[in-house]
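Data first, discussion second: the structure below is written as structure tokens.
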Amino acid sequence: LALANAQHFAVTGGEKGELRLWDLHTQQMVLHLKEHTSRVTAVSMFDDDEHVISCSKDKSMLAWDLRAERRVSCHTQRIGQFTGLALAPDQLQVATVGSDKKVSFWDVREPQPQQVVDAASETTCVAISASGRFLVTGSADQALKVLDFSTGDVVFETTAHTKRINKIAFSSDDQ
């Protein structure tokens, strides 16, 4: 689920690879996009409320233009499913995680990741701080890692839960 910054619509990702745009005032679906071939695992809204990026178990990350109702870019990986993504504050960089036990740093304008960091276990979720300085990941083996976003270096690591970590976030003030 991604909520528009103006909070007048939301985008959801579905089990069968579809994205749906919902008008929150009328509670009606106003757009249906389908190019993923498997479950959508994460969706993020750009600040302009006109673009969305999604990732899926089909090993693809797609950027969408909602006004034009079409895909504008496709990024794929050969091994492992995407389980999460986070859009950086600059709206050009994206971090993805997945079953390949890697954290990948992408520029949405480039077809391949700019950097790939070994995560040592299946990483299930990711978030980027509001300042863009840090990235945090959660994993299937209960590990929480904080990385320096510019270098990919781990700056803090701990076992945070007794089961798999499914969602992670920074507060808006990066605390």
Side-chain angles (χ1 to χ4, degrees), residues 1-3 5 10-17 19 36-47 52-63 73-175:
L1 172 74
L3 183 63
N5 295 301
V11 177
T12 59
E15 191 69 28
K16 295 182 180 176
L19 289 179
H36 286 295
T37 59
S38 189
R39 181 169 72 93
V40 174
T41 54
V43 179
S44 187
M45 182 77 61
F46 284 76
D47 287 344
V52 171
I53 195 156
S54 59
C55 67
S56 169
K57 285 191 165 197
D58 67 3
K59 303 177 188 173
S60 71
M61 177 176 61
L62 306 177
S73 71
C74 176
H75 301 82
T76 59
Q77 60 186 24
R78 293 183 299 121
I79 300 170
Q81 305 166 338
F82 285 114
T83 56
L85 68 76
L87 182 61
D90 68 6
Q91 307 287 284
L92 295 174
Q93 298 177 85
V94 177
T96 59
V97 295
S99 61
D100 63 347
K101 302 179 182 179
K102 308 276 187 213
V103 179
S104 298
F105 297 84
W106 303 79
D107 181 313
V108 296
R109 302 165 295 184
E110 302 295 329
Q112 299 301 317
Q114 304 300 298
Q115 180 180 12
V116 178
V117 176
D118 185 28
S121 65
E122 180 185 348
T123 310
T124 54
C125 51
V126 61
I128 299 173
S129 63
S131 66
R133 184 172 173 207
F134 296 107
L135 173 138
V136 63
T137 64
S139 68
D141 67 356
Q142 306 91 37
L144 178 139
K145 292 181 184 178
V146 178
L147 291 81
D148 180 300
F149 187 77
S150 62
T151 65
D153 294 335
V154 175
V155 295
F156 176 77
E157 182 175 359
T158 189
T159 300
H161 289 269
T162 58
K163 299 262 185 202
R164 165 190 197 101
I165 299 172
N166 294 314
K167 187 70 178 166
I168 200 157
F170 279 96
S171 63
S172 59
D173 62 359
D174 281 353
Q175 299 298 313

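Note that the structure is predicted; figures quoted are calculated from it, not measured.
Using a 4.5 Å heavy-atom threshold, the side chains of Thr41 and Lys57 count as touching.
Judged as a side-chain contact (heavy atoms from CB on, under 4.5 Å), and not counting sequence neighbours, Ala169 has no contacts. In this view, His36 and Ser54, Asp58, Ser60 satisfy the side chain to side chain donor-acceptor pair (under 3.5 Å) rule, not counting sequence neighbours. Take Gln91 and apply the side-chain contact (heavy atoms from CB on, under 4.5 Å) test, not counting sequence neighbours, and it matches Phe46, Asp47, Leu87. Partners of Ser150 according to the side-chain contact (heavy atoms from CB on, under 4.5 Å) rule, which considers only residues two or more places apart in sequence or in another chain, are Asp148. For Ser121, the side chain to side chain donor-acceptor pair (under 3.5 Å) partners at least two apart in sequence or on another chain are Asp141. Qualifying side chain to side chain donor-acceptor pair (under 3.5 Å) partners for Thr96, counting only residues two or more places apart in sequence or in other chains: Trp106. Judged as a salt bridge (charged side-chain N to carboxylate O under 4.0 Å, His left out), and not counting sequence neighbours, the contacts of Asp107 are Arg109. For Ser171, the side chain to side chain donor-acceptor pair (under 3.5 Å) criterion is met by Asp173, not counting sequence neighbours. Qualifying salt bridge (charged side-chain N to carboxylate O under 4.0 Å, His left out) partners for Arg164, counting only residues two or more places apart in sequence or in other chains: Glu122.
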Going through the checks in order, is the side-chain contact (heavy atoms from CB on, under 4.5 Å) test met by Val117 and Lys102? CA-CA 6 Å; Val117 176; Lys102 308 276 187 213; over 6 Å; no

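Among all heavy-atom pairs drawn from Gly80 and Ser99, the shortest one is CA-OG, 3.3 Å. In plain terms, the two heavy atoms of Ala140 and Thr124 that are nearest each other are N-CG2, 3.7 Å. Here the shortest heavy-atom pairing between Ile128 and Ala86 reads CD1-O, 3.5 Å. The heavy-atom pair separating Gly84 from Ala42 by the smallest distance is CA-CB, 4.0 Å. Contact between Val126 and Ala95 at its shortest, heavy atoms only, is CG1-O, 3.9 Å. Between Val108 and Ile53 the shortest heavy-atom distance is CG1-CD1, 4.0 Å.
For Lys145 (side chain) and Val154 (main-chain N/O), no donor-acceptor pair under 3.5 Å exists by modelled atom type. Side chain of Gln93 to backbone of Phe105: no donor-acceptor contact under 3.5 angstrom is found. Ser56 places a side-chain N or O within 3.5 Å of a backbone atom of Ser38 that can act as its donor or acceptor partner.
In this structure, OG in Ser44 is found 11.5 Å from CG in Leu3, a value given to the nearest 0.5 Å. Put simply, OG1 on Thr123 and CD1 on Ile165 are 10.0 Å apart, with the number rounded to the nearest 0.5 Å. Note that the CG atom of Asp100 and the CD atom of Gln81 stand 10.0 Å from one another [nearest 0.5 Å]. Rounded to the nearest 0.5 angstrom, Ile79 CD1 and Lys101 NZ are separated by 12.0 Å. Interatomic distance, Gln142 CD to Thr159 OG1, rounded to the nearest 0.5 Å: 7.0 Å.
A ring pair (Phe, Tyr, Trp, His ring centres under 6.0 Å) check over residues 152-175, counting only residues at least two apart or in different chains, returns nothing. The stretch residues 108-134 participates, sequence neighbours left out, in no ring pair (Phe, Tyr, Trp, His ring centres under 6.0 Å) pair at all. Applying the salt bridge (charged side-chain N to carboxylate O under 4.0 Å, His left out) definition to pairs two or more places apart or across chains, none involves residues 81-90.
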